[in-house]
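Remember, it's 1-based here, ligands and their atoms both numbered in the order they're listed. Atoms considered below: every heavy atom in the structure, side chains included; atoms not considered: hydrogens, waters and symmetry mates. For reference, positions follow the sequence shown, starting with 1.
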Amino acid sequence: MVTVTIDGKKIEVPEGMTVLEAAAQAGITIPTLCYHKDLSPHGGCRLCVVEVKGARTPLASCTLPVSEGMEVTTESPTLRESRRTILQLLLSTYHDAGYAANDGRPNELEQWARVYGLDPYEAMAKAPRYSINSDPNPFVWVDLNKCILCGRCIRACAEVQGRFVWGLAERGYDTRIVAGMDETMLEARCESCGACVAYCPTGALDNKPSVGAGAPDKVVTTTCSYCGVGCQFDFQVNTKTNRILRVTSNPQAPVNGMHLCVKGRYGYDYIHHPDRLLKPRVREYLLKGEKRPANGERGPWVEVDWDTALEIVARKLVEARDTYGPDSVGILTSAKCTNEENYLMNKLARQVIGTNNIDHCARLCHSSTVAGLALAYGSGAMSNSMKDVAEKAAVIFIIGSNTTEQHPVFGAMIRQAVLKRGAKLIVADPRKIDITEFATLHLQQRPGTDIALLNGLMHIIVQNGWQDEAFIAERTENYEAFLENLQDYTPEKVSAITGVPVERLYQAAEIMGKNRPMAVIWAMGITQHIVGVQNVLTLANLQMLLGNMGVPGGGVNPLRGQNNVQGACDMGGLPDVYPGYQRVTTEEARLKFEQAWGVALPDKVGLTVTEMIPAAGEGKIKAMYILGENPVMSDPDSNHVRHCLQTLDFLALQEIFPSETSAYADVLLPGVSFAEKDGTFTNTERRVQRVRQAIQPLGEARPDWMIIQDLAQRILGQGNRQVNPEAPYGKWNYTNTAQIMDEIAALTPIYAGISHARLEVGESLQWPVRSKDHPGTPILHVGRFTRGKGKFHPTVHVPPAEQPDRTYPMVLTTGRVLYHWHGGEMTRRSKGLMKVYDRPLIEINPEDAQRIGLNGKRMVRVSSRRGSIIAEAWITERVPPGLIYGNFHFPEASVNELTLAALDPISKIPEFKVAAVRVEAYSE
Ligand code: FES
């Protein structure tokens, strides 16, 4: 600590702090423009100059470190004059033509000008020097006339996003910021995250969709509805028009601070899209009291009032339940909806209908993770936090996660870990995904060979004695059996299976073995295989072998896909568990929920989504109620899914848009977007965060929790299932979502201490939160695994279910892209996102393109045993020869027409990541 005197105030501050920071600590504001607390200091604008006793000239406080006995003056006539002159100079090359929205924030230059007695509009240049809106980027408005060359955009792009798009060109008066080599932002590989906009102090870079949108009169902080990172931001709202005008950064956001990705910052226009379902719809045959047409067609839609629609749904669900038994009903809940809504869906299925047939899209993404980690450690969630990994991991091992595209804000944090503190990054992925540019080592294994790869690495680690013997002895079991199994995975054999050169295996094993802690990150590249659970068990083995569990900067870190897929699992949106992973087959748990809900509950595990849909095709499931899911797009083998849904007696779909699945629905219930409701989401690191209503529900749409409650009230008391309304939680009479969370807390030990009230006062809680004064758990498995000792599982390489052959000689692997999300229901309704990525693209290696005779043609036909699609080829080295990559965002060419429904035997996840296909050049 050193003692400094600032404006006569004596204060103690840590050595190394700048004078600007020390003054802020003393409550003194020094004007700044090029400085931002998140960015490295630049010292360029000189607005922050201060007088220091003994110094001949004023010094920039943002770069000046404090020293013992320093005496600083932050305001004086000389400093005032100096700042006024600086502002006059800046304004002399600045011109504000009044176009931009300045991201909803005050313009910092104009504000400071006024503080120092200048009228910015008088003092500014009379004419523009540059054309306005000079870059075609659909999101970022560029007006260099307002640029003061503070360099905040350059530093934000480099230091926050790790993309290095912006730089300076020319000299003197002609100096200006340019993208890349003076090209368009997108040509300069801009990812449109908008960090440059968020940090720009003048609006030279602004949010294009907001320009001209008008002034907001309300700001609402909420949690993003895209991936599981759980970014928070501010909705700027106009309450008179009931419209979201823009999204702006909220510096207090616990996970992301000022940062957001392109979808979070700009992909919100779907909320007001004209396709929104605004009134309930039912099929005409239902209103006429007729039978459904026998050919499987549903006939025309008719818009109806809520009573009519809900009465039909209630009647049909009761009919199926009471005629064919509760297990003839299937319920799909939604990872897009809140915890409170998912809890109600679990209660509706179990208490009201009497079935455990409830599941959701976690089955298609991380069911292998949940099952695998539960076997190895006793708990199936991400063990550490994103910030912890980014700040403390010596090695970051990414396997099967396209992090910068699927969890972009975390991806950017990992880039910074590499750039700023030299973390070693190993990426194992069959494709040269974007993050490999930052990798110390890229292991390009063949799809479906992860177990062999990981066992090979562990073989070398043990061979060299790099394992953590103390950790293994103290905290694990079954080590000997695991070791014996490793014998088989010699580097040479592993190299032959995986295609990874032997020396690379040694290099990777050495980095892992000699550097601690290592954090492992994975996503669907690991889970979506017939050996998904075995893959996860192998990763669990690796982290125990190296003693990387229960420590900061280590752990197992599966990245959850959708915004609330973690919460949907936590809330019992799974066929085998009640909320908080209390098993339906455990008598104690069942009794607890029977008493709470006042009804006998089924004791057998229900069907997964991948079993429910085929069961519909076989006539075993008669009726389904689906909330916010689109199985036609998201499940494998779309043709078969369509057939099964067509066979259903009755399907009620609750959605915000008509989807590919609504063609097979009998009733459409209009739910609302996350901007129109209250509740909580739980992010990938188990952090429970508030979702706050920003606008009124559009049209006659209703918050989903209200619809579920209304439906439950109509079914309760009907037919042959009686519920005791005197049970403590037997009734359905919630008036707000905080009451639902209170019920969740009462019945779910890991959420016991969570309430809206705690979250509202700014507490950021990661479960388990065991009581009202428990602070939450940032790191799992510290000192002890949930199951006691961690268990090693010997795992064996099993080839993918479908191998290339003469007819289908190539391998298709699937996933998503940065600009779209899941089935594309939201992102295909966002203008800007569609401008950047407007069609399905199939990645194909140049060698393969030449071999199939593309010869400049762009279209390909891709066929598998299940179907075929026609799409545009993207000829790229991102994929190796023999492998193609496609996405499922566009219904006109979704790869799920081609994928196969071979399932992992434990988790029932389909093997989306490997299918044998044939690729041919296609001409119209
Ligand atoms: Fe210190 Fe610009 S803010 S030099």
Determine whether Asp38 and Arg152 satisfy the following criterion, salt bridge (Lys or Arg N to Asp or Glu O under 4.0 Å), listing intermediate values before the conclusion.
CA-CA 10 Å; Asp38 298 349; Arg152 268 159 59 164; over 6 Å; no
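- Glu437 pairs with exactly one of Arg415, Lys432, Arg189 by the salt bridge (Lys or Arg N to Asp or Glu O under 4.0 Å) rule, that one being Arg189.
- Panel note: side chain Lys10, backbone Ile6; no donor-acceptor pair is recorded below 3.5 Å.
- For Phe235 and Phe233, the ring centers sit closer than 6.0 Å to each other.
- If you look at His42 and Tyr35, their ring centroids are not closer than 6.0 Å.
- Note on atom 1 (Fe) of ligand 1: protein N, O or S atoms under 2.8 Å away count 2, no waters included.
- Salt-bridge annotation for Lys218 and Asp234: absent, with no side-chain N of the basic residue lying under 4.0 Å from a carboxylate O of the acidic one.
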